[in-house]
Amino acid sequence: MASIEHVVENYKKRIDQAGADIEIYQGLSHRYSMLRLAVFTLAIPLLYFIIKTNLIVLGLFLIGVISLFVWAVTKQQKYDKLLSEKQALKAINENEIEAIGSHQNLYYDGEEYEISNHHYTGDLDVFGAHSIFGLINRCRTFYGNQILKSEFLEKPLKADLLEKQNAIKELEVETDYRQEIAVKLYSLEGLENFDVAESINRQMEMDLSFGEGRLLNTYRKLLPLIWISIIVLYFINYSIANTLASFLFIGNILLVGNYNKRISEVQGRLSNTSNSLKKYIDVLKSLFDKKWHSSLLKKHAAEFENSASDLPLKSLSDLSNIINQLDYRLNLLVAIVGNGLLLWDLSVIYKLAKWKKSNTGKIEKIFKHIGFMEAMSSLATWAYNHPRYNYAFINDDYMTIEAKELEHPLIPTSQNVENDFKLEKQDKVVIITGSNMSGKSTLLRTIGLNMILGYTGTKVAASSFNIPIVSLVTYMRIKDALEENVSTFKAELNRISMILNVLEEKEDAFILIDEMLRGTNSKDKLNGSIGITKKLLESDAYAMIATHDIKLAEMGNENNHIANYYFDIDYKDGDLVFDYKVKSGICENFNASFLLGQLGIDTEI
């Protein structure tokens, strides 16, 4: 099995190779940039002399200059693209090292995905800053982020989850493939909440009928024949041919100019879309080429190929090419010659109108497939980055949990303390006692967050983790909301009400509670906590409760369905010492008085 050091070393090698490639492509890009400038600079004075000659010489000169200029531009664009990809590859691998070492990730953290009063996301740091989504996410596209988000929110069926595990295992070893997708989509930063498919469909709602007139299109189709006729006429009567050519050239420019405002509006709306489409097309080519073994990846590939038969990859390429051709009008030289000779802009509008009739509304499936591969690659990258972690074993036994060397996935390895934990089927309620800062809350979050990780199909932070699929509910971070006139206690009552509803609706609930009823006095707190615990025992649910109330834990002396665990504390040389290890039993050492005493507060009564 690979070690974390091996994983980091692999990323460092990729960074070094990308750095070497960047230097090469920077040089080549600069070379063709200078050639492009030279062609343009020399063409201007030469054009001054050649324009005095006949139109054929001028035409041949323009064709030659434009061809050379386009060749230089094409070459520069090729090396600029390669340069951009290598820069992205370098950044991606640097980000992986950062994510492993310091838990910093340059991808979207899902801050806007947080759902108010959700069953568990707020308590378990699923979305937002320093969240598990923010650490795992490697998606740039709208659908990638949406699909990955749903993995953290939806309770899976066992068969689907096992399928997903196999898919992620297959992707885990495909580092080159995962990074190929990531590189091609890397520059789409900030578009995680932008639905490009919906945008294209919306943009295509604009009126393109002005480019489809019958007379206009008949004339446009006849233009090549008209120019051929004029060229032939040059050999018969130069003067008449030259006059006709001049009138035709100028007339075409005036004709296109009549539609300039509408064409500019179309070009302005679609220009940015072309850059995005090129990246999606590159990714789609990679998806077409790859053959999979796991059933989920094979199934999605087959669905993609079926949808692509309805909308071939060529159609998406055609749209990108059409938009690129429309952008050529921004080059004054190309615009004048192209429109003067062949009504270039109107020809492109005609192609766009035809594409719209054939393809609008059919592209969403293709973008969803890209998003699916992004989401699965994100989970596979997490798995690859954590060779010590393992895939959860999914059992059918509600309710048995067994964990070995369990860690909190959001705490850096150097600060993590591993714990073994087992919840037996007869243990309807597990009560965890311990002093402040000893690890009670962290254990609840560790178990809950690793269960969510397990349900996504990726690795969990444990050497082994045996869990059933349950409806997870938490009661941990209770906040008042003064702007909504909600006190802490009222917020707690709302949470309790939600839990009671879950107990009625779900037969497989697993509830994690951290110090309930903090917003009231100690007597009501204890009585209420005992009442809620009894309610849990009477239901079909299982629960884990972290508390300071010893009397709540002592309920286990009278009920065989309550199991007690605790976190211990020690005093050495006047300081508190925590081992953060969970043990069976009830805690006897607490530290609040000691900590207050350190501040000079007398706690003796």
[X] atom [atom1], neighbour heavy-atom count above 12 within 6.0 Å:
X	atom1	answer
Lys158	NZ	yes
Glu111	CD	no
Asn560	CG	no
Lys535	NZ	no
Glu507	CD	no

Any luck finding a side-chain donor-acceptor pair between [X] and [Y] under 3.5 Å?
X	Y	result
Asn137	Asn105	no
Thr400	Glu424	no
Asp195	Gln146	no
Ser131	Asp109	no
Glu515	His548	yes
Asn527	Lys523	no
Tyr565	Asp427	no

Hey, is the main chain of [Y] close enough, under 3.5 Å, to the side chain of [X] for a donor-acceptor pair?
X	Y	result
Asn559	Met555	no
Thr141	Glu192	no
Asn95	Leu106	yes
Glu364	Glu198	no
Asn450	Glu407	yes
Asp397	Pro468	no
Glu170	Ser294	yes
Lys459	Asn390	no
Glu492	Leu517	yes
His561	Gln426	yes

Between Tyr455 and Phe152, does a ring pair (Phe, Tyr, Trp, His ring centres under 6.0 Å) hold up when you go through it step by step?
CA-CA 8 Å; Tyr455 296 161; Phe152 290 92; over 10 Å; no

Closer than 4.0 angstrom, basic N to acidic O: yes or no for [X] and [Y]?
X	Y	result
Lys534	Glu538	no
Lys13	Glu9	no
Asp508	Lys155	yes
Asp568	Lys581	no
Lys583	Asp420	no
Asp123	Arg495	yes
Glu151	Lys164	yes
Lys525	Asp549	yes

Heavy-atom pair of closest approach, residues [X] and [Y]:
X	Y	result
Ile469	Leu157	CD1-C, 4.0 Å
Ile147	Lys368	CD1-O, 3.6 Å
Ser377	Leu171	N-CD1, 4.1 Å
Ser539	Leu503	OG-CD2, 3.8 Å
Gly144	Ala375	O-CB, 3.9 Å
Leu406	Ala462	CD1-CB, 3.7 Å

Pair [X] and [Y], ring centroids less than 6.0 Å apart:
X	Y	value
Phe194	Phe142	no
His118	Tyr120	yes
Phe133	Tyr113	yes
Phe465	Tyr391	no
Phe372	Tyr143	no

Tell me which one of Arg138, Arg178, Arg14 satisfies salt bridge (charged side-chain N to carboxylate O under 4.0 Å, His left out) with Glu96.
Arg138

[atom1] of [X] to [atom2] of [Y]: how many Å apart, nearest 0.5 Å?
X	Y	atom1	atom2	result
Met476	Leu444	CE	CG	4.5 Å
Glu554	Asn564	CD	CG	9.0 Å
His119	Ile511	NE2	CD1	9.5 Å
Ile370	Arg140	CD1	CZ	15.0 Å
Ile499	Leu536	CD1	CG	7.5 Å
Trp292	Asn166	CH2	CG	13.5 Å

I would like to know whether Lys90 and Asp16 meet salt bridge (charged side-chain N to carboxylate O under 4.0 Å, His left out); could you show each step before the answer?
CA-CA 8 Å; Lys90 185 171 182 285; Asp16 292 341; over 6 Å; no

May I ask you to establish whether Lys149 and Phe127 are in a cation-pi arrangement, using a distance under 6.0 Å from NZ or CZ to the six-membered ring centre and at most 45° from the ring axis?
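Because its charged atom misses either the 6.0 Å distance or the 45° angle limit, Lys149 does not stack over Phe127.
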
Decide side chain to side chain donor-acceptor pair (under 3.5 Å) for Glu402 and Ser464; before the verdict, give the C-alpha distance in whole Å, the side-chain angles of both, and the deciding distance to 0.1 Å.
CA-CA 8 Å; Glu402 186 171 6; Ser464 68; over 6 Å; no

Criterion side chain to side chain contact (heavy atoms under 4.5 Å, CB included) on Leu512 and Val473, from CA distance to verdict
CA-CA 6 Å; Leu512 303 176; Val473 187; over 6 Å; no

Check step by step if side chain to side chain contact (heavy atoms under 4.5 Å, CB included) holds for Val7 and Asn385.
CA-CA 7 Å; Val7 171; Asn385 286 354; 3.9 Å; yes

Between Phe567 and Tyr580, does the ring pair (Phe, Tyr, Trp, His ring centres under 6.0 Å) criterion hold? Intermediate values first, please.
CA-CA 6 Å; Phe567 284 89; Tyr580 302 109; 7.8 Å; no

In sequence, state the C-alpha distance, the side-chain angles, and the governing distance for Leu124 and Ile452, and then conclude on side chain to side chain contact (heavy atoms under 4.5 Å, CB included).
CA-CA 9 Å; Leu124 299 181; Ile452 293 169; 3.5 Å; yes

